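Worksheet for the structure shown next.
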Amino acid sequence: MSAAPAPPSAVVDLLGLVALGELFAFDRMAADARLAPDLRRRAELSAMAAAEMANYRRLADRLTELGALPDDAMAPYVTALQAYHDSTEPKDWLEAVTKAYVGDAVADDFIREIAEALAEPDRQLVLDVLHESRYADFAAAEIRAAIEADPRVANRLSMWARRLVGEGLSQAGRVAAADRGALTGLIVRDGAGDAQKLFRRLTAAHTERMAAVGLNN
């Protein structure tokens with residue numbers, strides 16, 4: 001038997017969370033592009049930042065169609081997301097691309113899992129705005145090239161990645177525990193144990209991602 005569709009309030013809550021993530025991603029990528037070691041990389045990251053803003057607009061338009069104000073839908077998550085970005089400000093280009101590869105991927109995995117409870121067209125909208133594979137491929141290639149040039153970089157970036165995933169999972173936990181009953185219902189839709197299973201899946205995916213670029217857990 002298929003699960004009951006997500007209530008409208010849960011759809012608005014999730015779209016608000018994703019929209020805010022896209023808005024923050026635009027801000028961060030635009031700033032990180034200035035850390036790029038050359039114009040090619042700066043242009044690549046700037047193009048990705050532009051895509052984030054286009055994604056934000058799609059989500060904001062959908063929220064408006066649903067009768068919600070985008071600002072109001074995003075507001076409950078500002079503190080958690082701002083705290084994450086404030087505590088994981090990259091110091092250089094390699095930290096920036098590692099944050100893109102590790103931190104954004106954990107967030108995408110989290111949202112992708114929750115989006116499974118949505119009906120169309122909202123489910124596909126959320127999946128569409130998650131980061132494209134070329135985004136992860138770009139960041140992964142930068143990390144691999146840096147490690148190949150200087151193997152000692154792996155230890156520094158591994159420590160940074162562990163911090164990122166710890167902060168990211170804490171952020172996800174804060175969102176899950178927030179006083180947003182409808183959204184929490186999507187996360188634990190199969191019972192209280194569902195949240196623990198979700199976080200185990202997120203951790204396993206992170207472990208595979210780290211190994212793929214030569215970083216240690």
Side-chain angles (χ1 to χ4, degrees), residues 11-36 41-64 68-115 122 125-136 138-139 142 160-161 163-180 183 186-187 202 206 209:
V11 175
V12 169
D13 280 351
L14 182 56
L15 294 183
L17 172 61
V18 179
L20 183 64
E22 296 293 327
L23 191 58
F24 274 41
F26 165 78
D27 286 345
R28 195 197 74 242
M29 287 185 190
D32 289 351
R34 293 193 288 271
L35 298 172
R41 292 177 175 90
R42 182 169 184 171
E44 187 80 18
L45 203 58
S46 295
M48 293 179 190
E52 301 288 357
M53 183 52 69
N55 288 338
Y56 164 77
R57 177 46 54 197
R58 290 182 65 188
L59 292 157
D61 288 347
R62 177 58 177 160
L63 283 164
T64 301
L69 293 174
D71 287 3
D72 290 347
M74 294 187 292
Y77 310 109
V78 171
T79 299
L81 267 65
Q82 188 65 61
Y84 168 72
H85 289 296
D86 287 347
S87 65
T88 57
E89 186 73 26
K91 297 182 179 66
D92 57 28
W93 174 248
L94 288 179
E95 288 193 359
V97 293
T98 301
K99 182 174 179 178
Y101 180 71
V102 174
D104 289 351
V106 171
D108 284 354
D109 288 347
F110 178 64
I111 296 299
R112 190 176 290 108
E113 291 265 1
I114 303 172
D122 297 303
L125 171 60
V126 171
L127 296 178
D128 284 348
V129 302
L130 296 181
H131 297 102
E132 299 176 359
S133 60
R134 77 178 184 94
Y135 175 80
F138 170 78
E142 292 292 307
W160 174 239
R163 178 178 169 189
L164 288 168
V165 76
E167 292 286 348
L169 290 175
S170 294
Q171 172 202 342
R174 286 194 292 271
V175 170
D179 187 18
R180 309 296 297 176
L183 180 61
L186 295 184
I187 299 170
L202 295 178
H206 165 70
R209 202 173 289 118

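Since this is a predicted model, take the numbers as computed values, not measurements.
- Scanning all heavy atoms of the two residues, the minimum distance from Val12 to Ala68 falls at CG1-CB, 3.8 Å.
- For the atom pair Asp104 CG and Thr98 OG1, the distance stands at 11.5 Å (nearest 0.5 Å).
- Nearest heavy-atom pair, Trp93 versus Leu35, reported as atom, atom and distance to 0.1 Å: CB-O, 3.4 Å.
- Val18 has its side chain out of reach of Tyr77: every pair of non-hydrogen atoms, C-beta onward, lies at least 4.5 Å apart.
- Side chain of Trp160 to main chain of Glu95: a donor-acceptor pair is present (N/O by atom type, distance under 3.5 Å, no hydrogens or angles).
- Using a 4.5 Å heavy-atom cutoff, the side chains of Leu14 and Ile111 are in contact.
- A cation-pi contact, defined as under 6.0 Å to the ring centre and within 45° of the axis, links Lys99 to Tyr84.
- In this view, Asp71 and Met74 satisfy the side-chain contact (heavy atoms from CB on, under 4.5 Å) rule, not counting sequence neighbours.
- Taking each heavy atom of Pro70 and Tyr56 in turn, the nearest pair found is CB-OH, 4.4 Å.
- The distance from atom CD of Glu44 to atom CD of Glu142, rounded to the nearest 0.5 Å, is 9.0 Å.
- Glu167 pairs by the salt bridge (Lys or Arg N to Asp or Glu O under 4.0 Å) definition with nothing, not counting sequence neighbours.
- In terms of the salt bridge (Lys or Arg N to Asp or Glu O under 4.0 Å) criterion, residue partners of Asp109 (sequence neighbours excluded) are, by chain and number, Arg112, Arg209.
- Atom CG of Leu59 sits about 10.5 Å away from atom CZ of Arg62, to the nearest 0.5 Å.
- A pairwise comparison of heavy atoms in Arg28 and Tyr135 identifies NH2-OH, 3.2 Å as the closest pair.
- Atom CG of residue Leu202 and atom NE2 of residue His206 lie 11.0 Å apart, to the nearest 0.5 angstrom.
- Annotation for Pro90 and Asp32: closest pair CG-OD1, 3.6 Å, computed over non-hydrogen atoms.
- Every side-chain contact (heavy atoms from CB on, under 4.5 Å) that Ser46 has, sequence neighbours left out, goes to Ala33, Arg42.
- Ala19 and Leu63 make their closest contact through CB-CD1, 4.5 Å (heavy atoms, listed as atom of the first residue, atom of the second, distance).
- By the side-chain contact (heavy atoms from CB on, under 4.5 Å) test, Asn55 pairs with Glu22, Glu52, Val129, sequence neighbours left out.
- Partners of Glu89 by side-chain contact (heavy atoms from CB on, under 4.5 Å), not counting sequence neighbours: none found.
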